[in-house]
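The structure under discussion appears below in the form of structure tokens.
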Number of protein chains: 2
Amino acid sequence: MLRPVTRLNLPEQQVLQDAGRLSPQRRPGPARVEDTVGTAQLTAVPEPKYWQLRTVLLRAIDTEFSTGQVIPNERELAARFNVARATLRQALDQLELEGRLVRRRGIGTLVAAPRVGVQVSRQEEGWPGGSREQAWQTVGFAVAAAGEQLAKALGVPVGEQVHTVRRLRVEQGKTVATEALHVPDSALAMLPEIRLSGAAGSGAGPEDEGRALLRRMERLTVDGESRSVELGVAEADEALLLQRPPGTPVLVVTTQYASAGRLAAVAVSTYRADTCRLTFGETGLVEVTPVPADFRTAS
Amino acid sequence: MLRPVTRLNLPEQQVLQDAGRLSPQRRPGPARVEDTVGTAQLTAVPEPKYWQLRTVLLRAIDTEFSTGQVIPNERELAARFNVARATLRQALDQLELEGRLVRRRGIGTLVAAPRVGVQVSRQEEGWPGGSREQAWQTVGFAVAAAGEQLAKALGVPVGEQVHTVRRLRVEQGKTVATEALHVPDSALAMLPEIRLSGAAGSGAGPEDEGRALLRRMERLTVDGESRSVELGVAEADEALLLQRPPGTPVLVVTTQYASAGRLAAVAVSTYRADTCRLTFGETGLVEVTPVPADFRTAS
DNA sequence: CAGTGGTCTAGACCACAGT
DNA sequence: CTGTGGTCTAGACCACTGC
């Protein structure tokens, strides 16, 4: 019953917005032959159902819904389009990956807000120079011997002490990124110690140690930085910090800071891919126009 | 049978590499009670099966396989781990998203090569200055009136003529990106016409027109560019150019070029997220160390 | 032809939010 | 409690590759 991948039969307008419960032109019951054969075109439609569904749903949420609205639940949608729930979910997965939908367990599926543009640059990181410290929030600090991979990335021998600061980036009240800033001991050698002025009495927490390190590094003269961006997934601890389930797609930004012709620090930042658009403004000459999402398809 | 999400029972070493067909310590047949209950910890393992599987498989391909090797097929793996194929596929989906696996229909699942670092900058784009033209290959050209979104992105009135060049980026013999470079008519007004020297006799194709436009734009003095990077999926035509199925995750790079304090062009490049690591080398001071993938988890 | 990954189905139960 | 999305199962057929 209804096996070959063919065209979906859909109403033309008002696909989702209370257009009657269940499919208006189709009653529950055994599928009929016309469902699959229809007019005559079988080979001309190699597109899988879930992709057609995604396109239909995308148009629907663009025209019939607005940000924050909940769309009909999965079982309802699956019934309306005469597909299995798993197939419908495949379409929703795509739209969630594109940042167009947000799914909340126990609540429903919502139309996502447009991605927020987050500026990625040394100035915005609150280090060094610390002009906009509020963008990043220090949440942890640790010193440990460099493992194999970390040592290689920093260009130091295995076993050297490495200071690591954990920070969170909060934008518009939401945590959008987490970062691990690694600084080898040798890069700190020529920097003066910094003692925290206040609050050192009742025992400084790891956050204070982290802030002290950042203060110290403001003395560093950074004469170069190179970045790379790639797609990754959030593992357990990162997922927790980002308030997302494990496996959530993230944009991993790796930044290498050079000082005196030498690698002084490496920062690995993971941004939530669903809610973030990374912006790199080398110059302030052009204002960043909010990206028109999918106008790249316009030939 | 075996419903609650608990710990998977797995052999400790040599998980995949011909460790005997089917699960060595378990025969086919009805699942026993000890499968799910085991020692005593139920609440302590909230991780879904597919995520545990992903972790196990990740370790396996890191230790037991090398780049290009095929891992056991899905039905075999599903049987070996006593899970449904759909669940096993969820784990493989994750690893494919991370760029660790490549799946080829009719062939099998292969261990992916490390991502290639692609340099993203004006110099490398072959425009303007055209120092390394070979990175991008012009494949199409068109002139059309600007639609609403495109006009907004370019800062020109709707309906203005916009020249669009389609280019492909080929790295190590593989197509890794496609780009649409949009230039409004008004930005070309002050530039001299360029006539192609050779091959203009037998009718110039759209590629030649595209190359002519790029030549013309070399005259442009670019005094600023700003970029943004976000996650997207390849639609039908892009997917075709990238030799991937629709829905493939891509990194969308939007670049705005300013000239004389004005937006002169917008380029939208989509890079295959599975095979690319974008690098932004503002200065050549630091060599980009190949990214150690997941050392960001190291506290 | 046999073997692979890709798609789809129908049904079940779980975890969580709000009542 | 009900309703939502999240996970998992067992099975089927399709599309593609290579022999």
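Every chain is numbered from 1 and lettered A, B, ... according to where its sequence line falls, protein lines coming before strand lines.
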Inset, instruction - Would you name the heavy atoms of B/Arg272 and B/Leu242 that are closest together and state the gap between them? - result: NH1-O, 3.4 Å

Legend entry - B/Arg54 and B/Asp93 ion-paired at < 4.0 Å: no

Legend entry - Watson-Crick and G-U pairing of DNA chain C written in dot-bracket, each distance under 3.5 angstrom, with | for inter-strand partners: ||||||||||||||||||.

Inset, instruction - Measure from the side-chain heavy atoms of B/Ala84 and tell me the nearest of D/dA10, D/dG5, C/dG6. - result: D/dA10

Legend entry - Identified side chain to side chain contact (heavy atoms under 4.5 Å, CB included) partner of A/Tyr271 from the options A/Val253, A/Thr178, A/Val252: A/Val253

Inset, instruction - Using a cut-off of strictly less than 4.0 Å between a heavy atom of the residue and any atom of DNA chain C, enumerate the qualifying residues of residues 102-113 of chain A by number. - result: A/Arg105, A/Gly106, A/Ile107

Legend entry - Between P of D/dG6 and CG of A/Leu88, the distance in whole Å: 12 Å

Inset, instruction - Can you see which heavy atom on A/Arg115 is nearest to which on A/Gly99, and at what distance? - result: NH2-N, 3.7 Å

Legend entry - B/Arg89 side chain near C/dG5 phosphate (N/O to OP1/OP2, under 4.0 Å): no

Inset, instruction - Starting at atom CG of B/Asn73, determine the distance to atom P of C/dG3, rounded to an integer number of angstrom. - result: 10 Å

Inset, instruction - Measure from the side chain of B/Val83, starting at C-beta and using heavy atoms only, and say which of C/dG5, D/dG5, D/dT9 lies closest. - result: D/dT9

Legend entry - Out of C/dC8, D/dG5, D/dT7, whichever nucleotide has its closest atom nearest the side chain of A/Pro48: C/dC8

Legend entry - Whole-Å distance separating the CZ atom of A/Arg85 from the C1' atom of D/dT9: 14 Å

Legend entry - Distance, nearest 0.5 Å, that separates CD1 of B/Ile61 from CG of B/Leu110: 11.0 Å

Inset, instruction - Take the protein atom CD of A/Glu74 and the nucleotide atom P of C/dT9, then report the distance between them rounded to whole Å. - result: 14 Å

Inset, instruction - Report the distance from atom CZ of B/Arg75 to atom P of C/dG6, rounded to the nearest whole Å. - result: 11 Å

Legend entry - For atom CG of B/Leu92 and atom C1' of C/dG5, their distance in whole Å: 10 Å

Inset, instruction - State plainly whether the residues A/Arg103 and A/Glu96 are in salt-bridge range, i.e. N to O under 4.0 Å. - result: yes

